[in-house]
Amino acid sequence: MKAFGHRRATRMDESDALVELDIPTPVPGPRDVVVEIRAVSVNPVDTKLRSMDPPGDEPRVLGYDAVGTVVATGGQVRGFRAGDRVFYAGSAQRQGSDARFQAVDERLIARAPKTLSDPEAAALPLTALTAWELLFDRLGVRLGDMENPEALLIIGGAGGVGSILTQIARRLTGLTVIATASRPETTDWCREMGAHHVIDHRRPLDQELARIGIPQVRYVAGLTASGEHRDAIVRSLAPQGALALIDDPGEFDIMPFKRKSLSVHWEYMFARPMFETPDMAAQGKILGQVASLVEAGLLKTTLHEVLGPITIANLRRAHELLESGKGIGKAVLCGFE
């Protein structure tokens with residue numbers, strides 16, 4: 001079958017940064033479903049893994065967001081059958097979704113929202129899982145607590161995770177949601193996603209918070225440039241507050257967090273499937289909840305742009321857009337030529 005990925009660590013300015021592959025069509029394991037892919041989106045994890053050599057001698061198929069139709073199931077699968085339309089992020093330990101077909105563990109998938117098109121649905125899985133786990137599992141915010149008087153600062157509100165985290169926090173908690181942005185178009189996008197306030201991350205965050213009359217917050221979501229903002233994060237957090245971050249700062253000394261008794265959490269969406277944790281099936285359940293919330297009109301897609309069909313050229317454009325830092329929401333590819 002046709003698939004797209006890489007054979008070695010590369011930069012995007014290299015001709016073989018992404019290559020077309022001809023690999024065997026997957027056969028489902030006992031708990032797997034095989035999905036015929038209809039749409040995919042691209043995330044920072046794609047560019048990170050592309051910059052590292054694949055494990056072993058086999059090329060790595062990239063792609064960690066997908067919408068498609070189940071075409072085969074393993075012997076132990078009970079929750080899905082052929083013909084089901086599903087969406088998921090999958091596992092970074094297995095071959096990805098930039099392919100005609102993909103095998104994925106049934107515990108990681110859910111039925112796609114009926115009210116969304118394939119591109120609209122493909123924009124959501126990885127970022128929704130990351131945002132949900134960050135807010136409810138890592139920071140410990142209570143789902144459905146609409147009386148929560150605290151505030152959440154989201155650094156990088158216009159990106160994929162920030163776009164859906166803003167919606168989840170605004171719709172499913174009582175938190176005051178403050179997003180950061182630096183351009184008129186990203187500021188407008190953050191407001192469209194539901195942010196109560198938008199501040200400029202080109203300026204010290206604590207000064208920007210003071211400007212809007214919220215000198216300190218209980219929670220911070222560090223989605224980008226966490227290392228650059230570390231000192232301002234410490235100043236911005238109220239005593240006994242909490243930071244959850246997802247990016248990869250080169251160095252991140254947490255000693256300054258001690259004096260205020262601040263907690264620091266790392267959110268990595270692939271931890272559950274990577275280690276096959278006992279609660280691995282939580283990811284499929286979270287996606288099921290997200291689908292229900294979308295169908296109820298409480299959450300909406302974060303799709304910003306459809307780049308065309310799933311081709312080498314369009315995947316290159318998507319990777320380049322991510323690495324530029326200029327992306328808004330999610331970029332999606334749909335269908336095969």
Side-chain angles (χ1 to χ4, degrees), residues 1-10 16-77 80 82 84-110 112 118 121-122 125-127 129-130 268-277 280 283-284 287 309-312 314-316 318-319 322 332-337:
M1 68 169 184
K2 179 187 290 188
F4 302 98
H6 69 130
R7 299 182 183 278
R8 64 179 184 88
T10 58
D16 63 343
L18 294 169
V19 295
E20 183 173 325
L21 305 168
D22 183 10
I23 62 175
T25 301
V27 176
R31 300 206 65 173
D32 288 344
V33 301
V34 174
V35 178
E36 184 175 8
I37 303 298
R38 288 155 57 167
V40 300
S41 69
V42 181
N43 295 281
V45 66
D46 294 84
T47 64
K48 290 176 185 176
L49 290 180
R50 195 204 68 239
S51 69
M52 299 184 288
D53 287 325
D57 298 325
E58 296 297 318
R60 175 161 45 204
V61 178
L62 297 169
Y64 304 97
D65 263 334
V67 172
T69 303
V70 174
V71 294
T73 60
Q76 296 178 20
V77 173
F80 300 90
D84 286 342
R85 178 173 173 261
V86 297
F87 75 149
Y88 56 89
S91 168
Q93 307 307 111
R94 303 184 67 176
Q95 296 287 42
S97 58
D98 294 343
R100 290 276 187 177
F101 299 91
Q102 182 185 15
V104 60
D105 192 298
E106 69 162 334
R107 291 169 288 183
L108 303 177
I109 72 176
D118 291 339
L126 185 147
T127 53
L129 286 166
T130 299
Y268 184 55
M269 190 281 303
F270 288 117
R272 279 172 161 145
M274 177 182 292
F275 297 101
E276 296 190 7
T277 60
M280 176 172 155
Q283 294 205 330
L287 289 176
I310 305 168
T311 65
I312 285 288
N314 289 335
L315 284 167
R316 286 188 70 99
H319 280 236
L322 279 175
V332 174
L333 295 83
C334 186
F336 286 86
E337 290 187 336

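Fair warning: this is a prediction, and the values are worked out from it, not measured in the lab. Because only heavy atoms are used, hydrogens play no part in the values below, and waters and symmetry mates are left out as well, while side chains stay in.
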Could you go through the side chain to side chain contact (heavy atoms under 4.5 Å, CB included) check for Arg94 and Val104 one step at a time? CA-CA 8 Å; Arg94 303 184 67 176; Val104 60; 5.5 Å; no
Report the distance from atom NZ of Lys2 to atom OG1 of Thr311, rounding to the nearest 0.5 Å. 8.5 Å
Minimal heavy-atom distance between Ala99 and Gly96, with the atoms involved, is CB-O, 4.3 Å
Hey, what's the ring geometry for Phe336 with Phe4, parallel, tilted or perpendicular (30° and 60° as the breaks)? parallel
Counting N and O atoms only, with roles assigned by atom type, does the side chain of Asp105 sit under 3.5 Å from a partner on the main chain of Arg107, one being a donor and the other an acceptor? yes
Scan Thr25, Leu21, Asp22 and name whichever one has a side chain to side chain contact (heavy atoms under 4.5 Å, CB included) with Met1. Thr25
When rounded to the nearest 0.5 angstrom, what is the spacing between NZ in Lys48 and CG in Asn43? 10.0 Å
Residues Asp118, Arg85; criterion side chain to side chain contact (heavy atoms under 4.5 Å, CB included); working and verdict: CA-CA 9 Å; Asp118 291 339; Arg85 178 173 173 261; 2.9 Å; yes
Flag, side chain of Thr130 to backbone of Met269, donor-acceptor distance under 3.5 Å: no
Could you walk me through whether Leu287 and Ile109 satisfy the side chain to side chain contact (heavy atoms under 4.5 Å, CB included) test, starting with their C-alpha distance in whole Å, then the side-chain angles of each, then the deciding distance to 0.1 Å, before giving a yes or no? CA-CA 7 Å; Leu287 289 176; Ile109 72 176; 5.8 Å; no
Of all heavy-atom pairs between Thr47 and His319, which one has the smallest distance, and what is that distance? CG2-ND1, 3.7 Å
Show the nearest heavy-atom pair for residues Arg7 and Pro54, with the distance to one decimal. O-CD, 3.5 Å
So does Leu126 get a backbone contact from the side chain of Asp65, meaning a donor-acceptor N/O pair under 3.5 Å? yes
Drop me the distance from Ser97's OG to Ile310's CD1, to the nearest 0.5 angstrom. 7.5 Å
For Val34 and Pro28, work out which heavy atoms get closest and say how close. CG2-CD, 3.6 Å
Show the nearest heavy-atom pair for residues Val332 and Ala122, with the distance to one decimal. CG1-CB, 4.1 Å
Would you say that Leu315 contacts Leu62 through its side chain, given a criterion of any heavy-atom pair below 4.5 Å between the two side chains? no
So, Gln95 side chain and Pro59 main chain: donor-acceptor pair closer than 3.5 Å or not? yes
For Val61, is there any backbone N or O sitting under 3.5 Å from a side-chain donor or acceptor partner on Asp98? no
Got a second to check how far Leu322's CG is from Ser41's OG, nearest 0.5 Å? 9.0 Å
Could you go through the side chain to side chain contact (heavy atoms under 4.5 Å, CB included) check for Asp16 and Arg8 one step at a time? CA-CA 9 Å; Asp16 63 343; Arg8 64 179 184 88; 3.0 Å; yes
Side-chain donor or acceptor of Asn314 paired with backbone N/O of Pro309 under 3.5 Å: yes
What closest approach, in Å, do Ala66 and Gln102 show between heavy atoms, and which atom pair accounts for it? CB-OE1, 4.4 Å
Only one of Ile37, Val35, Val71 passes side chain to side chain contact (heavy atoms under 4.5 Å, CB included) with Phe101; say which it is. Val71
Sidechain-backbone polar pair: Arg60 side chain, Leu49 backbone, donor-acceptor under 3.5 Å: yes
Return the CD to CZ distance between Glu276 and Arg31, rounded to the nearest 0.5 Å. 9.5 Å
